[in-house]
Amino acid sequence: MRLVFICLLFLTTFSYGSDIDFSGFATLKAVKTDSRTAKIRESISQPNGVTKDELDFSFSSLGLQAEWHASDNLELVGQLLLKEQHDNQINNAIKLAFLRYNLNSNWQFRAGRTGLDLFLMTEYRDIGYSMDMEHPPVEFYSIIPHQNLDGVDLQYRVPLEQGIASIKAYWGRSEAPIYSDIDFYWNVELKSIVGVVAQYETLNWLFRANYTTTKSANEHEQQRLLRDALAQVPLQIWPTKNELIDSLYIIDERFTYSALSMRYDDSDWLIQSEISLTDSTSNILNHLKAGYVTLGKRFGLSTVSFTYSVAESDNETVIESGPLTPSPELLYLYEEASTYSGFYQLDQRSTSLTWRRELSPTLALKLNWKRTSTNHLPSAFYLHNIEQFSDPDLSFNTLTLSFNWVF
Amino acid sequence: MNRLLISVFFLISYPISATADIAVIVNKENPIESISQRQLIDMYMGKYVAFPNGDMAVTYDYEKSHPLRGPFFLALTGRNESQINAYWSRIKFSGKVSPPQSFSSPSTILENIRNTPNAIGYVPADFVTGDVKVIYQIDD
């Protein structure tokens with residue numbers, strides 16, 4: 001993908017100047033929380049979280065985009081997003097690198113690295129200026145770290161009496177990092193991603209349905225080591241160890257994602273909602289349900305919006321029982337295996353209030369207060385102060401102030 | 001050079017009023033005689049960039065903060081320029097559709113429409129000349 005991006009950059013740089021469009025977006029963001037246990041972050045791909053008594057600016061980002069209009073039908077698009085990350089920096093920074101070909105006014109084909117069109121806001125969730133919320137709801141958007149698709153998509157659009165109907169199919173692969181406590185890092189690879197999005201849109205209304213299926217292409221090294229260690233334990237000591245070994249094997253497991261979305265925006269009032277179900281053939285992720293609803297009202301250059309979002313999982317019942325004769329080594333193995341099996345125990349809800357103020361037609365200020373209640377910590381949504389696990393604070397507040405700019 | 005001088009002359013001498021009538025224009029050879037408000041919205045919001053007969057269109061717009069841009073989108077969609085910019089930042093930075101080509105003045109749009117059969121743009125109504133075709137009018 002780096003090579004494709006460099007080729008696009010080369011083409012855009014050395015083609016005729018009048019056909020190239022350079023643009024960008026930036027977010028300067030400060031985050032503060034009162035949680036003692038959870039280190040706040042907006043995505044499980046974020047390597048660091050904000051701790052109590054700390055004012056953090058690491059959520060800030062800068063995006064640069066170049067578009068080369070090769071002809072009326074063909075365009076090449078490249079986009080870099082610069083933000084804090086630890087590993088594989090260049091590949092992760094390339095958000096878009098694709099060619100777009102309009103066969104006619106109805107059919108569009110794209111190939112290369114595009115946005116993975118799972119959620120209503122997936123493809124622009126890093127562009128703070130584009131949304132009235134301060135950031136997409138964590139309960140809904142943080143669960144799947146993958147934002148890009150390396151592959152192809154084909155879209156058909158048709159004007160109807162009242163609006164535009166479209167259907168898009170996509171195929172490809174994707175990778176994205178997951179960070180967790182104690183320096184846990186896993187570049188999660190998904191293969192054979194196949195999805196379809198149906199959408200109907202008028203000036204004020206948008207309705208959308210998505211179904212996507214994929215398979216896991218890799219596993220974390222620790223998972224393999226755990227399975228190898230479990231394989232050495234006699235069955236008499238740990239009768240359920242084989243079930244546990246099976247549950248730790250994730251390669252080629254199928255994951256499915258289904259979502260319904262709607263938005264109403266008449267320039268005064270805004271209503272937006274999404275619900276989703278994420279499921280898999282692996283015990284690690286079962287029936288993860290998420291949803292949110294946002295209600296907003298515009299007052300001149302200001303917008304006030306309220307969001308309620310929730311995530312619920314059914315994962316706690318599937319962790320296998322431990323060894324019959326517990327020794328420190330076996331208990332350690334059990335705890336580690338349980339941590340993996342329970343990674344997607346995500347049961348929490350939040351309410352948030354956002355005030356957005358247009359400072360100019362290209363610059364907005366946003367202030368957000370959020371109250372989060374979670375059923376348990378640790379949670380994959382956050383990083384943690386590990387010494388606080390014995391007495392976690394399950395409700396906490398987060399305050400965010402950001403400047404969002406497009407240019 | 002003459003064209004450049006004419007363009008510069010219009011740019012500095014034409015007082016663009018935020019309340020002037022606006023004419024939506026196409027190339028004289030374009031077979032389209034008129035367009036509905038909804039079709040115009042679909043084109044300028046990147047939802048369906050084609051003329052009513054199905055031919056692909058090239059949309060021309062002004063650079064951000066040009067005084068004609070805000071009144072045009074407000075009259076067309078009921079949305080202010082900030083809302084339009086936020087909308088287009090969703091569409092553009094997600095790589096779905098390219099935004100309209102942007103120009104600095106009505107005279108450059110007029111000149112480009114004269115030379116591009118499938119282009120559509122908007123200029124102040126009293127700026128229209130006989131070598132382009134008006135297909136929609138936004139009255140003050």
Side-chain angles (χ1 to χ4, degrees), chain A residues 18-19 21 23-25 63 65 67 69 72-73 75 77 79 95-96 98 100 102 104-106 108 110 113-115 117 121-124 126-132 155 157-159 162-164 166 201-204 265-268 298 300-301 303 358-364 404 406-407, chain B residues 35-59 61-67 69-70 73-74 76-103 108 112 116-119:
Chain A
S18 60
D19 292 329
D21 175 33
S23 54
F25 52 90
Q65 181 163 314
E67 286 190 53
H69 307 279
D72 285 352
N73 297 72
E75 286 138 338
V77 180
Q79 185 187 102
K95 288 294 168 188
L96 301 175
F98 66 86
R100 181 173 52 217
N102 293 298
N104 52 41
S105 49
N106 299 104
Q108 183 187 81
R110 300 190 303 176
R113 175 167 291 182
T114 60
D117 205 0
M121 300 188 287
T122 323
E123 293 186 299
Y124 55 89
D126 291 309
I127 301 131
Y129 187 82
S130 65
M131 64 190 87
D132 289 290
Q155 184 184 50
R157 271 190 287 200
V158 62
Q162 298 294 325
I164 306 291
S166 68
E201 188 177 12
T202 67
L203 178 61
N204 294 340
D265 185 347
D266 68 359
S267 82
D268 284 330
R298 296 197 173 91
L301 295 175
T303 305
E358 303 293 340
L359 302 178
S360 82
T362 55
L363 177 67
N404 304 270
V406 286
F407 52 93
Chain B
I35 193 168
S36 70
Q37 182 180 6
R38 208 209 98 194
Q39 287 165 334
L40 203 54
I41 290 171
D42 287 344
M43 291 172 82
Y44 270 91
M45 301 294 268
K47 297 174 193 286
Y48 189 73
V49 190
F51 290 108
N53 63 1
D55 290 348
M56 285 179 69
V58 176
T59 47
D61 196 1
Y62 295 90
E63 292 170 352
K64 286 192 180 90
S65 302
H66 188 280
R69 193 167 178 266
F73 276 103
L74 189 63
L76 193 65
T77 68
R79 285 150 171 80
N80 65 35
E81 200 176 2
S82 296
Q83 288 173 295
I84 294 297
N85 288 344
Y87 171 85
W88 265 110
S89 66
R90 288 205 292 269
I91 306 295
K92 176 183 183 175
F93 293 123
S94 58
K96 288 180 175 171
V97 180
S98 275
Q101 292 181 40
S102 58
F103 296 91
T108 51
N112 276 280
T116 314
N118 61 338

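The model shown is predicted, which means the values in this text are computed figures rather than measured ones. Residue numbering restarts at 1 for every chain, and letters A, B, ... go by the order of the sequence lines.
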Compare all side-chain heavy atoms of [X] with those of [Y] and state whether any distance is below 4.5 angstrom.
X        : Y         : value
Asn85(B) : Arg69(B)  : yes
Pro99(B) : Ile91(B)  : no
Met56(B) : Asn102(A) : yes

In terms of heavy-atom pairs under 4.5 Å, which option from [options] contacts chain B the most?
options                                    : result
Gly163(A), Ser360(A), Ala364(A), Ser166(A) : Gly163(A)
Met131(A), Arg110(A), Arg100(A)            : Arg100(A)
Gly63(A), Ser23(A), Gly115(A)              : Ser23(A)
Asn73(A), Asp268(A), Ile164(A), Thr303(A)  : Ile164(A)

Original post:
chain A heavy atoms under 4.5 Å from Asp42(B): which part of the residue, side chain, backbone, both or neither?
Top reply: side chain

**OP:** With a 4.5 angstrom heavy-atom cut-off, could you sort out which part of Arg90(B) is near chain A: side chain, backbone, both or neither?
**Re:**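 Interface part for Arg90(B): both.
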
Measure distances from [X] to the heavy atoms of chain B and classify the residue's part below 4.5 Å as side chain, backbone, both or neither.
X         : value
Gln155(A) : neither
Ile127(A) : side chain
Asp265(A) : both
Asp126(A) : neither

Original post:
Looking only at atom types and distance, does a side-chain atom of Ser105(A) sit under 3.5 Å from a main-chain N or O of Gly54(B), one as donor and one as acceptor?
Top reply: yes

**OP:** Determine yes or no for a side-chain-to-main-chain donor-acceptor pair under 3.5 angstrom, with Ser89(B) supplying the side chain and Tyr129(A) the backbone.
**Re:**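 A pair under 3.5 Å: no.
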
Original post:
So, Gln83(B) and Ser267(A): side-chain donor and acceptor under 3.5 Å apart, yes or no?
Top reply: no

Original post:
Is there a donor-acceptor contact under 3.5 Å linking the side chains of Thr362(A) and Lys64(B)?
Top reply: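 Distance-only check fails for Thr362(A) and Lys64(B).
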
**OP:** Give the member of Met45(B), Lys92(B), Gln39(B), Arg38(B) that has the highest number of heavy-atom pairs under 4.5 Å with chain A.
**Re:**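 Result: the option with the highest number of such pairs is Arg38(B).
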
Original post:
Is any NZ, NE, NH1 or NH2 atom of the basic residue among Glu201(A) and Lys96(B) found under 4.0 Å from an Asp or Glu carboxylate oxygen of the other?
Top reply: no

